[in-house]
Every structure is written in C-alpha cells, then in structure tokens.
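Report on one structure; see the data block that follows.
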Number of protein chains: 2
Amino acid sequence: MATQGQAGMDEPDDIAQIREDFIERIGVMVQGEGFPRIAGRVLATLVFDGERASFGDLAENLAVSRGSISSSVRLLEDREIIRRVAKPGDRQDYFEMSEDAFVNLIENSANRARRAGKEIATTLNRLPQSQSGAHARLATYADFYDEIAVALSDAAERMRHRGQA
Amino acid sequence: MATQGQAGMDEPDDIAQIREDFIERIGVMVQGEGFPRIAGRVLATLVFDGERASFGDLAENLAVSRGSISSSVRLLEDREIIRRVAKPGDRQDYFEMSEDAFVNLIENSANRARRAGKEIATTLNRLPQSQSGAHARLATYADFYDEIAVALSDAAERMRHRGQA
DNA sequence: CATAACGTTCAGAATGGAGTGAACGAAAAT
DNA sequence: ATTTTCGTTCACTCCATTCTGAACGTTATG
C-alpha cells in the first residue's frame with residue numbers, strides 16, 4: 001500500500017513480487033552483518049520504495065509487531081541510517097533513508113574495526129617488553145584492524161563524494 | 001602450559017593473566033563478527049603464543065570439549081586462517097597461524113561484500129526499466145557493497161605486501 | 001591381537017538474541 | 001472529559017546457534 005503497487009499497467013503484480021523478494025533477501029543479508037532481520041527489511045523497504053513510510057504501514061506490510069518496528073527503527077536511527085520525519089496532517093511517525101545512509105553504514109563498520117584495534121592496543125600496553133614475540137604479534141593483529149578501519153573510512157569518503165544517498 | 005609461562009622471572013603470573021584476558025576478549029570480539037567464540041579463543045591463543053598448539057592442549061587450556069575444538073579449527077582451517085601441522089613424534093594434530101592469516105581474514109570479508117553486491121544486482125536485473133526510481137536506488141545500494149569489497153581487497157593487498165603474518 | 005589415543009560426528013542441552021503482545025504514558029480527537 | 005491513536009517498554013516465548021559428551025572409525029602402541 002505504501003508502494004507504487006498499482007501505478008504501472010505493464011507489470012501487474014510481478015513488481016510486487018520482486019519487491020517482496022528483495023525485502024526478504026536484504027533481511028537475511030543484514031542478519032549476517034549483525035543486524036536484526038526486521039531492521040534489514042525496514043531498510044530494504046525504504047530503499048525500494050524511495051519514499052517515507054509510516055510506522056503503522058511498516059508494521060502491517062512487514063507483518064510484525066509494533067514493538068519490533070519500534071526497536072528496529074531506533075537501531076537504524078541511532079546509526080543515522082534512517083531519519084524519523086513528520087508528515088503534515090498525520091500523527092504517525094514516518095521514516096525515510098538518511099541523506100548519507102550508506103556512508104554512515106560504512107563508517108559504522110569502520111568504527112567497529114577501530115575499536116577492535118584499540119582494544120588490542122590496550123592489551124599491548126599492559127604487556128611487558130620482555131615478551132617481545134607476543135608483543136610483535138599483537139601489534140600486527142592491532143594493525144590488521146586499523147588497516148580495515150582506514151580502508152573502510154576511505155570507502156566512506158569515496159561514497160560521500162559520489163553524493164549518492 | 002603451551003605458553004611461555006615460567007620463562008621470565010620478573011613477571012610471575014601477571015603475564016598469564018594478561019594472556020587469559022586477551023584470549024577472552026578476542027573471543028567475544030570475533031563473536032560480534034559472526035564467528036563462534038571458541039574460534040576466536042583458538043585464534044587468540046595462537047596469536048599470543050606464536051607457536052603451534054596441540055588439539056588436546058587447546059581443549060584443555062580453553063576448557064571446552066574436543067567436539068568444539070574440532071568444529072572451530074575446521075572453520076578456521078577452511079578460511080585458511082590457521083593451518084593443521086604435524087609434530088614429529090606426536091600423534092596429535094597441531095595448529096598454527098596461516099602464513100597470511102590476516103590477509104585471508106580480510107579477503108573473507110571482501111568476498112562477503114562482493115556476494116552481497118551481486119545479490120542485489122540480481123534483483124536489479126529482474127526489475128523492469130519502468131521502475132526507474134527503484135532501479136537507481138538499488139544500483140546505489142549494490143555499489144555500496146562493491147565499494148566495500150574493493151576497499152577491503154585493497155586493504156588485504158596492502159597487508160600482504162607488508163609481509164606480516 | 002588388544003588396548004589406548006586421536007579426531008569427527010551427531011543428538012541433545014544450554015545459551016543468547018529476536019520477536020511478541022499486553023500494559024503504559026502521552027497526545028490528539030471527539 | 002472521554003475515548004482513540006501513537007510509540008515505547010518489558011516480561012515472556014520462540015528460534016537459531018553453540019557447545020557438550022557419548023559413540024564411532026581409525027591409527028598407533030603395547
């Protein structure tokens with residue numbers, strides 16, 4: 001209902017089918033990235049439809065409880081992947097993709113890697129010089145995460161200058 | 001026991017403490033990356049100790065069942081993060097970090113991103129031109145994953161040329 | 001040959017996180 | 001003022017994955 005459903009006349013329910021497939025796929029995909037499945041489905045809905053979706057419609061169309069929508073949108077909001085917006089004349093909350101949703105998505109990953117590197121560095125500092133072997137190996141391990149963090153930050157930067165949503 | 005335990009005389013059990021902390025931390029860290037906790041603890045053990053560890057010692061020191069060790073080392077072996085090696089005169093299997101454990105770790109992530117991008121591209125191909133808006137948005141979404149894949153591959157390459165373990 | 005040590009497998013227990021839905025407070029509508 | 005409509009919260013259920021441990025085949029060892 002919140003989609004373009006009956007707009008075209010050429011592809012009847014074919015598109016609705018593709019849309020649902022897509023939403024479901026993204027749901028399981030992001031699940032493998034540490035997000036709850038519903039968060040992925042919400043995101044996929046917004047990506048596909050391209051227009052703001054209401055709280056109620058999300059719950060109804062995805063056939064999940066409002067409680068689930070509440071926690072999933074909060075998660076996505078906190079990471080600045082989606083934004084909560086108002087629609088004049090409607091009491092419901094609406095949601096749309098954040099300006100730089102993808103950039104933030106990448107930067108979230110970058111930050112996670114950075115934190116991991118820092119955590120290893122912490123252990124490293126506690127470790128006396130005498131343990132030169134372990135010291136060197138942990139340093140390499142920390143570098144590994146730092147390298148990832150830098151690479152992802154660069155990717156985010158590239159994405160940002162592309163100016164894409 | 002498989003560690004450097006009683007080697008130094010300055011830091012008695014202090015180091016053993018740091019070591020255990022480290023192993024446990026990495027365990028939960030990699031858990032957040034989709035690996036079982038025990039796999040992380042095995043990896044951390046090998047990183048810290050820097051020498052091959054026997055199947056039996058791993059089970060004993062980490063205080064987990066041999067079944068768990070079996071499945072965790074297999075997982076790490078499959079991704080070429082660790083190698084199974086033989087120790088002359090010992091029937092047990094031994095494990096050590098793979099030559100380019102970190103490189104492979106990154107490339108695993110890169111591949112996951114690449115797959116994600118491809119999966120979106122699949123949906124994209126099914127979607128008729130008429131849906132130009134959705135088409136464009138999905139394309140951006142696919143690019144997002146491709147961008148990550150490239151960034152991680154680059155990071156892997158840099159890591160490789162650094163020649164670090 | 002018999003016994004022991006090794007690693008794997010598989011069914012079941014344990015664990016953790018996701019999703020549900022009723023209860024709630026707030027805000028609008030009537 | 002009363003009744004809806006909203007979104008959030010929280011205790012509970014449900015589900016997936018991890019981990020365990022006994023059974024097993026295999027290979028060495030006595």
Polar-atom pairs under 3.5 Å, protein N or O versus N or O of nucleotides 1-3 of chain C: list them with distances, or write none.
none

For nucleotides 16-20 of chain D, list the nitrogen or oxygen atoms of the protein found under 3.5 Å from its nitrogen or oxygen atoms, one pair per line.
residue: D:dT20; atom: OP2; partner: B:S65; partner atom: N; Å: 2.9
residue: D:dT20; atom: OP2; partner: B:S65; partner atom: OG; Å: 3.1
residue: D:dT20; atom: OP2; partner: B:S68; partner atom: OG; Å: 2.8

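Screening residues 59-78 of chain A for ring pair (Phe, Tyr, Trp, His ring centres under 6.0 Å) gives no qualifying pairs among residues at least two apart or on separate chains.
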Review item, side-chain donor-acceptor pairs of residues 113-128 of chain A, under 3.5 Å, at least two apart:
residue: A:R114; atom: NH2; partner: A:S153; partner atom: OG; Å: 2.7
residue: A:E119; atom: OE2; partner: B:R25; partner atom: NE; Å: 3.2
residue: A:T122; atom: OG1; partner: A:K118; partner atom: O; Å: 3.0
residue: A:N125; atom: ND2; partner: A:A121; partner atom: O; Å: 3.4

Side-chain donor-acceptor pairs under 3.5 Å in residues 102-110 of chain B, sequence neighbours left out?
residue: B:N104; atom: ND2; partner: B:E80; partner atom: O; Å: 2.8
residue: B:N104; atom: ND2; partner: B:D100; partner atom: O; Å: 3.3
residue: B:N104; atom: ND2; partner: B:D100; partner atom: OD1; Å: 3.4
residue: B:N108; atom: ND2; partner: B:N104; partner atom: O; Å: 3.1

N/O donor to acceptor pairs below 3.5 angstrom from side-chain atoms of residues 33-47 of chain A, sequence neighbours left out:
residue: A:E33; atom: OE2; partner: B:Y145; partner atom: OH; Å: 2.8
residue: A:R41; atom: NH1; partner: A:E24; partner atom: OE1; Å: 3.1
residue: A:R41; atom: NH2; partner: A:L62; partner atom: O; Å: 3.2
residue: A:T45; atom: OG1; partner: A:R41; partner atom: O; Å: 2.7

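Rounded to whole angstrom, the span from the CG atom of A:L62 across to the P atom of C:dT20 amounts to 10 Å.
Considering only residues two or more places apart in sequence or on other chains, B:R74 meets the side chain to side chain contact (heavy atoms under 4.5 Å, CB included) condition with B:D78. Scanning for salt bridge (Lys or Arg N to Asp or Glu O under 4.0 Å) contacts around A:D93 gives A:R84, with sequence neighbours left out. The salt bridge (Lys or Arg N to Asp or Glu O under 4.0 Å) check on B:E20 picks up nothing, with sequence neighbours excluded.
Taking every heavy atom of both residues into account, A:V73 and A:S70 meet most closely at CG2-O, 3.2 Å.
Other residues sharing the hydrophobic cluster of A:V150, ordered by chain and number and joined by side-chain separations under 4.5 Å: none, the residue standing alone. As a member of the Ile/Leu/Val/Met/Phe/Trp/Tyr network built from side-chain separations under 4.5 Å, A:V28 groups with nothing else and remains a singleton.
Residues from residues 74-95 of chain B with heavy atoms under 4.0 angstrom of DNA chain D, sorted by number: B:R91.
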